[in-house]
S.K.: 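Starting off with a structure, shown below.
Proteins get letters first, then strands, A, B, ... in listed order; numbering begins at 1 in each.
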Protein chains: 2
Amino acid sequence: MTEIRQPTPRRGTNLPRMGDFNLTVILEAIRRSSGGLSRVELAQIVGLSPQTISNISRRLLDQQLIVEAGKEGSGPGKPRTILRLNPAGMYAVGVHLDPAVITFVVLDLLGDVVKHSRMATPGGDPAGVITSIAEQIQALVEESGVDAAKIAGLGVAVPGPIDLDEGSVVEPPLLTRWNRVRIREALAEATGLETLVDKDVTSAAVAETWAGGASGAGSFVFMYMGTGIGCGIVLNDEVVRGTSGNAGEIGHIVVDPEGPLCDCGLSGCVKSSCIPQVLVAEAEAAGVLDGSRHGADGPEVQERFAELCDKADAGDEQAIAILDKSATLVARAVSVVTNALDVERVVFGGPFWGRMAPYFLDRVPGLLDKNNAARMIHGLEVVGTGVGEDVGAIGAACLVLEHMLAPRAQRLLLEG
Amino acid sequence: MTEIRQPTPRRGTNLPRMGDFNLTVILEAIRRSSGGLSRVELAQIVGLSPQTISNISRRLLDQQLIVEAGKEGSGPGKPRTILRLNPAGMYAVGVHLDPAVITFVVLDLLGDVVKHSRMATPGGDPAGVITSIAEQIQALVEESGVDAAKIAGLGVAVPGPIDLDEGSVVEPPLLTRWNRVRIREALAEATGLETLVDKDVTSAAVAETWAGGASGAGSFVFMYMGTGIGCGIVLNDEVVRGTSGNAGEIGHIVVDPEGPLCDCGLSGCVKSSCIPQVLVAEAEAAGVLDGSRHGADGPEVQERFAELCDKADAGDEQAIAILDKSATLVARAVSVVTNALDVERVVFGGPFWGRMAPYFLDRVPGLLDKNNAARMIHGLEVVGTGVGEDVGAIGAACLVLEHMLAPRAQRLLLEG
DNA sequence: CTGCCGGATCTCAGTCACTGATGCCCCTAG
DNA sequence: CTAGGGGCATCAGTGACTGAGATCCGGCAG
C-alpha cells in the first residue's frame, strides 16, 4: 500500500536513513557481482570504510539477506570471506495481468523463479477475477513451499494507463471492465500482502535491473514486445516512472511515413504498423498466412504470429520481409527514445520477443547506430533480455524487491 | 573541471555528505519560496528538526548565502525571522557559444542577470576565439563590479553533440572548426575559473529550474527553439543528461508524414520541417517573403523569421498558416517526448520563441492534451519560459550554481 | 506601565552511523 | 615451525541529527 510516486518539495535526510541506504548499496553491490564479494572488495567498491562494511554485513547476516559462502585465499594472509546473497532470505510474488493471460511467479532474492503458473484471463467481473487471483497466489505459495513469513509482498503488472494513487488501470483498451478498479487495495486485502501496482513495461525494466545481470545496469531502455509495444526506462540504475507512473508510451511515434493511417490521425505510428496484430494482418493480406481464420484476441494473435515466424524461419521470403520491415520500423522508434535520453543500451523482451529475436538482432543494432546522435561519442548496445517470456510477472515481483532493497535516492529522503 | 557525469557502481554515503546535502535542501526550499521562509516553516517543509534547521541556517548565514530579512509577526509569540537568499552571496558567469552569436552573462545567486553582453561569433581559429571570450568575461566581470572572490565558476553552453570527458563539442554542424576543441580546459586556464561545459538545451532546462520560478519545479521538458530544435529534460527536479551528456536530441522525430525528405532518409522530421530556417524557406517559396536575398547564416535567418512573424502579426494569412502549421508539427514532437517520459509540464523558450509564442500557445496546449496518453490521469501544462531570450547563457551560469548548490542525489554519494 | 502568555529560536546533552587506530586471527611461504 | 601479510573485529572518536528545556520577543489584558 506504500506509495511509489515521489513527493516534490525535496526533503532532507538523517542518520537512520543514511544507514538504511548504505545497507541497500552494499546489498546491491553483492547482488551485481557474479560470485559474491568479500568485505574488503565491498569497501573499495562502495567507498565506505571496512568497519562500516563489517557492521552492515552483520546486519545483513542477521536479516539473513546474505550468507558467508566459503573463503577465497590467494597468496599469503587470511583468506577473504565471500559474502553472497541468500536466495531464501526474501521472496516476492508477481502477477502479470495481461488481457490474454494472467501469469504468476514466486521469486527469490536472486530474482530466480521458484514457482510459476498461468491462467487464461477470465472475461468476467473484475471482483471475481481478483478472488481467483488471490486463490491462485495462495495455492502457488503453498506449492512452492517457501516460508510465508519471508514473502515481502505482491507486485502487479498491468497494461496501459494507470493511476498510481488509486492503484488502478484507467480505460485500458483491452481490459475495459477493469477501468478504475482499485486493484492494489483489492489484492492487498484479499492476500494480506503489501501490494504494489505498476505498468507492465516499467515492471519489465525493473525485472531487467534486478534479474537481468549486467544488461540491467546503468541507463537503458527496455523495449517490451507484447500485444502492444511500450518501453520501460532506466536512467542511472533508477527506473523512470514519470509524474503519474505512465512513462514509456511510445505507440504514436511515427516510424513509417507511408504506413497505414492510425486513429491518432497520422500515418505509420508504431501502434498502427509494427505491433504483432498488424504484422499478422499484413501476412494474411500478402497470402503468407491463411486469412480465413480471423480473431483478434490475444492467444490467437500469438499463435498466428508464431506461424509467421515459422514460415520466415523456413525461408519464406515474404514472411522474412515482413519481419525485417518491422525490425526496421521498431528501430526507428527506438532511435527516437535513445536519442532523446542518450542511454547506453537497448534491451528487448516481452512475450513476442523470442520468435522475432533473430530478425531484430540482425538489423536493429546497425540501424540504431546509424541514427545515433551521439554516435561519435559512444556506441549503443542492443541485447535481448535474459529474463525470458515471463518478464512481466517477474518484473511485478521485482517491483517489491526493488521497493524494499534497491538503493533509490528516494530512500534517503524523509517523507511527508 | 569537476565531472558532471555519474559513476555507475553506486556508492555509499556518509555523515559529511549528509550535512552538505541537507544544506542544499534548505537552500533550495528558501530559493523556491517566493518571499523567504522562517526556520519553523523550513522545518516543516524539509522534515528536519528545528534545531537542525537552526544549525544549518547558521552555516548558510556564515557563508553569506542567506540573510535574515525582517520579522513576520502575526498574533502573539515571538515573530518569525524570515530567511532570504542573499543575491550577492555568490555569482556565476555564463557563456553561450552559438554558431551565430556568443552571449555572456553574470548571474547572482537569485538567478538574476547582473550584467550581460554579446558578440557575433568570430569565424576564425577557436584558440583565438577562446582568448576573446576570456577577455570579454574579464571585462564583463570588472564592469559588473561584483566581488571576484564570489564568482563560483564559469558555465559554457554549446550546441550539438558534446563529449563531457573532453569538455568539447563533437562535429557540430555549424561550428565545424570547433570539433573536439577542449573548450573546458582552455577556458578554465584562460579565466582561472572552475569551468563546466554542457549542451545548450540542457543548460536552458537548468536555467528554468534555477531562475524560472514555479515552472522550473518537478518534471518538465524544455523545448529550446533556436537555430535547431532540441529539448532539455528535468525529472523530479533533476536534469537528465544521459550517458554522455547528449540527451535531448529530437531532431529526427517524424512529425509530418507528408513533409520534405530529410537527410536521415525519412520524411518530415522535426529538423527538416519545423526549424526556423525551413519556415523562412517555405515563406519564400510561397511568396510571403522576398526570396531574392538568400543567406542561411544565423542572424540572417533570425531577421527573416522576424519578418515572417511581422507579416503574421499584421494578419497575412499565408504567414499565419506557416506558423500555425509549425506549431502543429512541433506539438507532435513534444507529444512523443511527453508520452515517453510522462512529465507534467512543457516549457518553451529559446531565441526564436518570443516571436512564435502567440501562435504556439494558441495551438500547442490543445494538441498536446489530445495526444496525451495519460490524459485521463493528469493534464499537461504548457508555458513559455520566464527566463527570456538569453536562456542559453543564463543556463550556462546556472550550471555552476546547480553544480554547487542544488540538492542532487549525486551529491550524497561518495566519489571514486 | 507591568505582568502574563504564546510562539520562535537557542542551548545542552544524547544518540547513532561512519572513521581511524589497534589488535587478533588465519593462511601461505620459507 | 615460524615469520609475515592480509582480513576482519574491537574500541574510542567525530560529527550531524534529535529531544527537552531555557531564553527571547512581542502582543495583550489589567
Side-chain angles (χ1 to χ4, degrees), chain A residues 11-27 29-30 36-62 66-83 407 411-415, chain B residues 11-27 30 36-62 66-84 407 411-415:
Chain A
R11 304 178 70 82
T13 186
N14 61 14
L15 234 31
R17 295 266 158 184
M18 189 171 91
D20 289 350
F21 179 80
N22 280 344
L23 184 135
T24 64
V25 168
I26 290 179
L27 197 67
I30 295 176
L37 243 34
S38 71
R39 291 173 176 78
V40 250
E41 289 169 314
L42 277 169
Q44 243 176 348
I45 293 175
V46 307
L48 294 166
S49 66
Q51 300 76 342
T52 302
I53 303 290
S54 260
N55 293 337
I56 295 182
S57 302
R58 192 162 22 244
R59 281 174 64 192
L60 286 168
L61 286 165
D62 287 347
I66 60 173
V67 287
E68 296 195 333
K71 316 213 170 228
E72 183 189 70
S74 61
K78 178 174 173 178
R80 305 170 164 190
T81 315
I82 301 298
L83 302 173
R411 181 180 306 282
L412 277 160
L413 309 185
L414 268 20
E415 56 242 0
Chain B
R11 303 177 71 83
T13 185
N14 61 13
L15 233 33
R17 296 265 158 183
M18 187 170 91
D20 289 350
F21 178 81
N22 281 343
L23 184 135
T24 64
V25 169
I26 290 178
L27 197 68
I30 296 175
L37 244 32
S38 72
R39 290 173 176 80
V40 251
E41 289 168 313
L42 278 168
Q44 245 176 347
I45 293 174
V46 306
L48 294 166
S49 67
Q51 300 74 344
T52 303
I53 304 290
S54 260
N55 293 338
I56 295 181
S57 302
R58 190 160 26 242
R59 281 175 64 194
L60 285 168
L61 286 166
D62 287 348
I66 61 172
V67 288
E68 296 195 334
K71 314 207 171 237
E72 183 189 69
S74 61
K78 178 172 172 178
R80 306 170 165 190
T81 314
I82 301 299
L83 302 173
R84 241 191 270 275
R411 182 181 304 284
L412 278 160
L413 308 185
L414 269 20
E415 57 240 4

S.K.: Could you tell me if the side chain of A/Arg59 sits less than 4.5 Å from the side chain of A/Asn55, heavy atoms only?
M.R.: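 No, every pair of side-chain atoms sits at 4.5 Å or beyond.
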S.K.: In whole Å, I'd like the distance from the CG atom of B/Leu42 to the P atom of C/dC10.
M.R.: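 In whole Å, C/dC10 P lies 12 Å from B/Leu42 CG.
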S.K.: Nearest-Å distance, CZ (B/Arg80) to C1' (D/dC24)?
M.R.: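 In whole Å, D/dC24 C1' and B/Arg80 CZ are 16 Å from each other.
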S.K.: Measure the distance from CG on B/Leu61 to P on C/dT9 and round it to the nearest whole Å.
M.R.: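 Atom CG in B/Leu61 sits about 12 Å away from atom P in C/dT9.
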S.K.: What is the per-nucleotide protein-contact pattern of nucleotides 13-18 of chain D, from the 5' end, where B denotes a base atom under 4.0 Å from a protein heavy atom, S denotes such proximity for sugar-phosphate atoms only, and - denotes neither?
M.R.: --BBSB
S.K.: Take the protein atom CD1 of A/Ile53 and the nucleotide atom C1' of D/dG7, then report the distance between them rounded to whole Å.
M.R.: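 A/Ile53 atom CD1 is separated from D/dG7 atom C1' by 13 Å.
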S.K.: Kindly determine whether B/Leu413 and B/Arg17 satisfy side chain to side chain contact (heavy atoms under 4.5 Å, CB included), including the steps that lead there.
M.R.: CA-CA 7 Å; B/Leu413 308 185; B/Arg17 296 265 158 183; over 6 Å; no
S.K.: Quick one, A/Ser38 with A/Glu41, criterion side chain to side chain donor-acceptor pair (under 3.5 Å). Give me CA distance, side-chain angles, the key distance, then yes/no.
M.R.: CA-CA 5 Å; A/Ser38 71; A/Glu41 289 169 314; 3.2 Å; yes
S.K.: Between C1' on C/dA17 and CG on B/Leu412, what's the gap in Å once rounded to a whole number?
M.R.: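 It is 14 Å, rounded to the nearest whole Å.
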S.K.: Can you tell me if B/Arg17 touches the phosphate of C/dC18, counting only side-chain N or O atoms and a distance under 4.0 Å to OP1 or OP2?
M.R.: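 The answer is no; no side-chain N or O of B/Arg17 sits under 4.0 Å from OP1 or OP2.
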S.K.: Quick check: does any side chain N or O of B/Arg39 sit under 3.5 Å from a backbone N or O of B/Pro50, one acting as donor and the other as acceptor?
M.R.: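 No; zero donor-acceptor contacts below 3.5 Å.
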S.K.: Hey, does the side chain of A/Asn22 reach the backbone of B/Thr13 with a donor-acceptor pair shorter than 3.5 angstrom?
M.R.: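 Judged by distance alone, yes, a pair lies under 3.5 Å.
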S.K.: Counting distance only, does the side-chain N/O of A/Thr52 pair as donor-acceptor with the main-chain N or O of A/Leu48 below 3.5 Å?
M.R.: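 Not confirmed, A/Thr52 side chain does not pair with A/Leu48 backbone.
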S.K.: Between side-chain atoms of residues 75-84 of chain B and protein atoms elsewhere (two or more places apart, or another chain), which donor-acceptor pairs fall under 3.5 Å?
M.R.:
| unit_1 | atom_1 | unit_2 | atom_2 | d |
| --- | --- | --- | --- | --- |
| B/Arg84 | NH1 | B/Gly35 | O | 2.8 |

S.K.: With each end axis built from five pairs of C1' atoms, what bend angle do you get for the helix from C/dC1-D/dG30 to C/dG30-D/dC1? Round to 10°.
M.R.: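 The helix from C/dC1-D/dG30 to C/dG30-D/dC1 shows an end-to-end axis angle of 10°.
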S.K.: What integer distance in Å separates B/Glu68:CD from D/dC25:C1'?
M.R.: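 Atom-to-atom, B/Glu68 to D/dC25, this comes out as 14 Å.
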S.K.: Begin from the C-alpha positions of A/Thr24 and A/Arg411 and carry the test side chain to side chain contact (heavy atoms under 4.5 Å, CB included) through to its verdict.
M.R.: CA-CA 9 Å; A/Thr24 64; A/Arg411 181 180 306 282; 3.5 Å; yes
S.K.: Would you please confirm or rule out a distance under 4.0 Å between OP1 or OP2 of D/dG7 and any side-chain N or O of A/Arg39?
M.R.: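 Result: no.
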